*Asks:* 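Let me begin by handing over the structure; questions about it come next.
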Amino acid sequence: ITADNAERILHTEQYVELPDHIRTEFLGDVAEAVTRKLTTGSLPPPPELARLLSPAVRGGDLLLHSYDPDEQALFERLGAAGSLSAERGTEVVGLVTQNAGGNKIDTFLRRSMTYTSSPNRAKVTVTLTNEAPTTGLPDYVNGSFVGDPPGTNRLYLSIHASRPLVGAQLGEGALGMESEREAGLNVYSAFVIVPPGETRRLDIDLGVLPAGVSRLRLHHQPTVISDEAEVRGRWSRGRSALTEDVTIER
């Protein structure tokens, strides 16, 4: 296992190349080697360590949590806690998908989002493309505990937003979304099924922007395939890879 092959082996190749009893031992060996290196190896000076780890923290690929309040406060100040919450004077928009099929198929999920806004109305357009194969992988990778055909991605999609929901569409049809509150934000959620090799488009209409907002924060959920995001209208920003939280000032 090296930095060059770890992602490929751990995400997919281990399931194809190794029978279960060997794969379990293999993963245990990898975890033991990493733990031994972390606990017995020498670390660089703090400034060098911060330089090396900060890109992973900014991108949400390295998150830290502690049950000690002082330690957790430090992780939050460092931006390493990974929390999603409301901020005074900030409009927040975040796309979060959770696996609902009991498999590991999100390795093959490609997501893109376009956010178009004005003070009185906004639209979140989400495109989900399922690039999973239907054969060549064990059931616990691209199968389903709810009986979907192999390669099907069943997911629970949530939009975290400062604005109220007006309505939503999945393709050409209306989509009902559950409405909740979490960490000071509205959360609108629905189950979505994306068959293998297909794409689904969701359009979520949002209402009036709260008063006193001068910036937009686009929240990034760490994914295997990097998201693409585009911001139009009031906050206008071109399409680009979304690999970390983005804040746009106006």
Side-chain angles (χ1 to χ4, degrees), residues 57-61 63 76 79-100 106 109-129 155-171 174-192 194 199-250:
V57 172
R58 285 198 306 271
D61 299 306
L63 301 177
E76 291 174 356
S83 60
L84 173 60
S85 60
E87 299 176 19
R88 185 182 298 275
T90 302
E91 179 181 8
V92 179
V93 180
L95 166 65
V96 174
T97 54
Q98 302 177 65
N99 186 284
D106 296 322
L109 179 64
R110 187 176 297 277
R111 316 185 323 175
S112 68
M113 181 175 72
T114 299
Y115 186 60
T116 306
S117 69
S118 68
N120 294 324
R121 208 63 177 263
K123 175 179 283 189
V124 183
T125 299
V126 176
T127 302
L128 306 168
T129 301
L155 54 88
Y156 188 63
L157 179 145
S158 298
I159 295 293
H160 297 251
S162 304
R163 299 178 187 239
L165 178 69
V166 175
Q169 280 190 304
L170 176 59
L175 176 67
M177 303 192 79
E178 299 175 1
S179 180
E180 300 179 7
R181 293 280 294 176
E182 182 181 3
L185 295 169
N186 300 311
V187 187
Y188 309 115
S189 307
F191 286 96
V192 179
V194 188
T199 296
R200 292 291 181 265
R201 170 175 165 161
L202 292 83
D203 293 292
I204 298 100
D205 292 313
L206 303 174
V208 176
L209 180 68
V213 170
S214 60
R215 58 185 175 268
L216 168 73
R217 179 160 69 91
L218 213 58
H219 176 71
H220 159 66
Q221 176 190 12
T223 54
V224 176
I225 301 176
S226 294
D227 288 346
E228 283 196 348
E230 181 177 3
V231 179
R232 300 174 180 171
R234 174 184 173 89
W235 306 107
S236 190
R237 185 176 187 268
R239 179 167 292 277
S240 62
L242 184 63
T243 56
E244 58 188 74
D245 281 13
V246 172
T247 300
I248 302 171
E249 300 277 354
R250 282 292 179 269

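All values reported here derive from a predicted model rather than from experimental measurement. All residue numbers refer to positions in the sequence shown, counting from 1.
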*Asks:* Please confirm whether the backbone N or O of V92 pairs with a side-chain atom of S162, one donor and one acceptor, at under 3.5 Å?
*Replies:* yes
*Asks:* Please evaluate residues V194 and T199 with respect to the criterion side-chain contact (heavy atoms from CB on, under 4.5 Å), reporting the C-alpha separation (whole Å), side-chain torsions for both, the decisive distance (0.1 Å), and the verdict.
*Replies:* CA-CA 7 Å; V194 188; T199 296; 5.9 Å; no
*Asks:* Quick one, T114 with R239, criterion side-chain hydrogen bond (donor to acceptor under 3.5 Å, both in side chains). Give me CA distance, side-chain angles, the key distance, then yes/no.
*Replies:* CA-CA 8 Å; T114 299; R239 179 167 292 277; 2.6 Å; yes
*Asks:* What's the spacing between L216 CG and S117 OG if we round to 0.5 Å?
*Replies:*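 Output value for this atom pair is 7.0 Å.
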*Asks:* Assess the side chains of N186 and R181: does a donor N or O sit below 3.5 Å from an acceptor N or O?
*Replies:* yes
*Asks:* Would you check if the side chain of D245 reaches a backbone N or O of H219 as a donor-acceptor pair within less than 3.5 Å?
*Replies:*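 Not confirmed, D245 side chain does not pair with H219 backbone.
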*Asks:* Between the side chain of Y156 and the main-chain N/O of N99, is any donor-acceptor distance below 3.5 Å?
*Replies:*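 No, because the side chain of Y156 does not come within donor-acceptor range (under 3.5 Å) of the backbone of N99.
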*Asks:* Which residues pass the side chain to side chain donor-acceptor pair (under 3.5 Å) test with S179, not counting sequence neighbours?
*Replies:* none
*Asks:* V224 versus D106: any side-chain heavy-atom pair under 4.5 Å?
*Replies:* no
*Asks:* The criterion is salt bridge (charged side-chain N to carboxylate O under 4.0 Å, His left out); which residues satisfy it with R110, sequence neighbours excluded?
*Replies:*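 E131.
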*Asks:* OG1/T247 to CD/E91 distance, rounded to the nearest 0.5 angstrom?
*Replies:*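 These two atoms lie 12.0 Å from each other.
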*Asks:* Using every non-hydrogen atom in the two residues, find where Y115 and V93 come nearest and quote the distance to one decimal.
*Replies:*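 Heavy atoms of Y115 and V93 come nearest at CZ-CG2, 3.7 Å.
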*Asks:* What's the separation between atom CG in L95 and atom CG in L128, rounded to the nearest 0.5 Å?
*Replies:*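 CG of L128 is found 7.0 Å from CG of L95.
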*Asks:* Taking only residues two or more places apart in sequence or in another chain, which ones pass salt bridge (charged side-chain N to carboxylate O under 4.0 Å, His left out) with E182?
*Replies:*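 By the salt bridge (charged side-chain N to carboxylate O under 4.0 Å, His left out) rule, E182 matches no residue at all.
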*Asks:* Taking atom CZ of R232 and atom OG of S118, what is their separation to the nearest 0.5 Å?
*Replies:* 14.0 Å
*Asks:* Give the minimum heavy-atom separation between S158 and S189, together with the two atoms involved.
*Replies:*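 For S158 versus S189, the nearest heavy atoms are OG-OG, 2.6 Å.
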*Asks:* Do V231 and T116 make a side-chain contact, defined as non-hydrogen atoms from C-beta onward lying under 4.5 Å apart?
*Replies:*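 Side-chain contact under 4.5 Å: no.
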*Asks:* Are the side chain of H220 and the backbone of L242 linked by a donor-acceptor contact shorter than 3.5 Å?
*Replies:* yes
*Asks:* Taking S83 for its side chain and S85 for its backbone only, find out whether a donor-acceptor pair lies under 3.5 Å.
*Replies:*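 A pair under 3.5 Å: no.
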*Asks:* Say you draw a straight line from OG of S240 to CD of E230; how long is it, rounded to the nearest 0.5 Å?
*Replies:* 9.0 Å
*Asks:* Determine whether M113 and L218 make a side-chain contact, defined as any pair of heavy atoms from C-beta on separated by less than 4.5 Å.
*Replies:* yes
*Asks:* What side-chain donor-acceptor pairs closer than 3.5 Å can you find for residues 202-215, not counting sequence neighbours?
*Replies:*
| residue | atom | partner | partner atom | Å |
| --- | --- | --- | --- | --- |
| D203 | OD1 | T125 | OG1 | 2.8 |
| D203 | OD1 | R201 | NE | 3.3 |
| D203 | OD1 | R201 | NH2 | 3.2 |
| D203 | OD2 | R201 | NE | 3.1 |
| R215 | NE | T90 | OG1 | 2.7 |
| R215 | NH2 | R88 | O | 3.2 |
| R215 | NH2 | T90 | OG1 | 3.3 |

*Asks:* Considering only NZ, NE, NH1 and NH2 on the basic side and carboxylate oxygens on the acidic side, decide whether E87 and R217 come within less than 4.0 Å.
*Replies:* yes
*Asks:* How many angstroms lie between CE in M177 and CD1 in I159, if you round to the nearest 0.5 Å?
*Replies:* 6.0 Å
*Asks:* Please list, chain by chain and in numerical order, all residues satisfying side chain to side chain donor-acceptor pair (under 3.5 Å) with Q221, sequence neighbours excluded.
*Replies:*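 For Q221 the side chain to side chain donor-acceptor pair (under 3.5 Å) partners, ignoring immediate neighbours, are R111.
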*Asks:* By side chain to side chain donor-acceptor pair (under 3.5 Å), which residues pair with E76, not counting sequence neighbours?
*Replies:*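 For E76, no residue satisfies side chain to side chain donor-acceptor pair (under 3.5 Å) once neighbours in sequence are set aside.
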